Amino acid sequence: MIASNRFLIDIVLLGAVILLPWWLVVSLLIYTFFLFNNFYEIIFFGFVFDVLYGVDIGVYSVNRPIIFVIGLILYIILNKLKQYLRSYA
């Protein structure tokens with residue numbers, strides 16, 4: 001049951017990455033991070049967001065993986081935060 005819900009939420013989040021602004025996508029990813037254990041999709045959706053809407057920074061106009069790195073940092077911070085919350089103890 002939970003695996004099918006996770007799959008449906010992944011499809012909704014993929015649609016959100018394509019259609020919604022970045023700040024709303026990040027908010028949805030943080031919310032769903034607390035719904036599931038080991039929500040690695042936050043890193044995947046950061047990568048997808050960078051592939052679709054990469055930011056050109058620098059002289060050589062190479063796309064930098066900004067949202068991907070933010071996803072990695074969020075994953076690490078939120079995993080540590082989950083350990084200190086009462087509902088995840």
Side-chain angles (χ1 to χ4, degrees):
M1 179 71 180
I2 194 75
S4 64
N5 287 341
R6 190 169 183 158
F7 181 71
L8 290 174
I9 288 177
D10 286 344
I11 291 173
V12 169
L13 287 173
L14 182 63
V17 166
I18 294 170
L19 298 174
L20 297 178
W22 69 270
W23 53 270
L24 195 55
V25 172
V26 170
S27 301
L28 286 172
L29 287 173
I30 290 172
Y31 175 73
T32 54
F33 187 85
F34 286 103
L35 291 178
F36 301 107
N37 291 330
N38 297 326
F39 191 69
Y40 297 115
E41 289 92 336
I42 195 168
I43 299 168
F44 171 73
F45 287 123
F47 175 74
V48 169
F49 196 90
D50 280 333
V51 167
L52 292 175
Y53 312 108
V55 179
D56 289 335
I57 299 175
V59 179
Y60 303 109
S61 105
V62 176
N63 290 340
R64 303 284 194 249
I66 303 294
I67 303 296
F68 177 72
V69 172
I70 290 172
L72 282 171
I73 292 169
L74 275 176
Y75 183 80
I76 293 167
I77 291 172
L78 292 176
N79 259 341
K80 295 294 181 187
L81 182 65
K82 270 186 180 182
Q83 294 173 358
Y84 294 108
L85 291 176
R86 175 174 280 207
S87 62
Y88 286 97

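Not measured: the values here are computed from a predicted model.
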| task | Output the rest of the hydrophobic cluster of I73: all Ile, Leu, Val, Met, Phe, Trp and Tyr residues reachable through side-chain heavy-atom contacts under 4.5 Å, sorted by chain and number. | result |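 V69, I77, which link up through side-chain heavy atoms under 4.5 Å apart, make up the rest of the cluster.
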| field | Reported CZ-to-CZ distance for the pair F44 and F39, which is rounded to 0.5 angstrom | value |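 F44 atom CZ to F39 atom CZ measures 11.0 Å (nearest 0.5 Å).
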Sequence neighbours left out, what pairs pass salt bridge (charged side-chain N to carboxylate O under 4.0 Å, His left out) with at least one residue falling in [range]?
| range | result |
| --- | --- |
| residues 8-23 | none |
| residues 23-32 | none |
| residues 17-46 | R6-E41 |

| request: With sequence neighbours excluded, give me every side-chain hydrogen bond (donor to acceptor under 3.5 Å, both in side chains) pair touching residues 65-76. | output: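 Residue pairs with at least one partner in residues 65-76: Y75-N79.
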Identify every side-chain donor-acceptor pair in residues 15-33 under 3.5 Å, counting partners at least two apart or on other chains, and give the distances.
unit_1 : atom_1 : unit_2 : atom_2 : d
S27    : OG     : W23    : O      : 2.8
T32    : OG1    : L28    : O      : 3.0
T32    : OG1    : L29    : O      : 3.1

| query | Sequence neighbours excluded, which residues qualify as ring pair (Phe, Tyr, Trp, His ring centres under 6.0 Å) partners of F49? | reply |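 F49: ring pair (Phe, Tyr, Trp, His ring centres under 6.0 Å) contacts with Y53.
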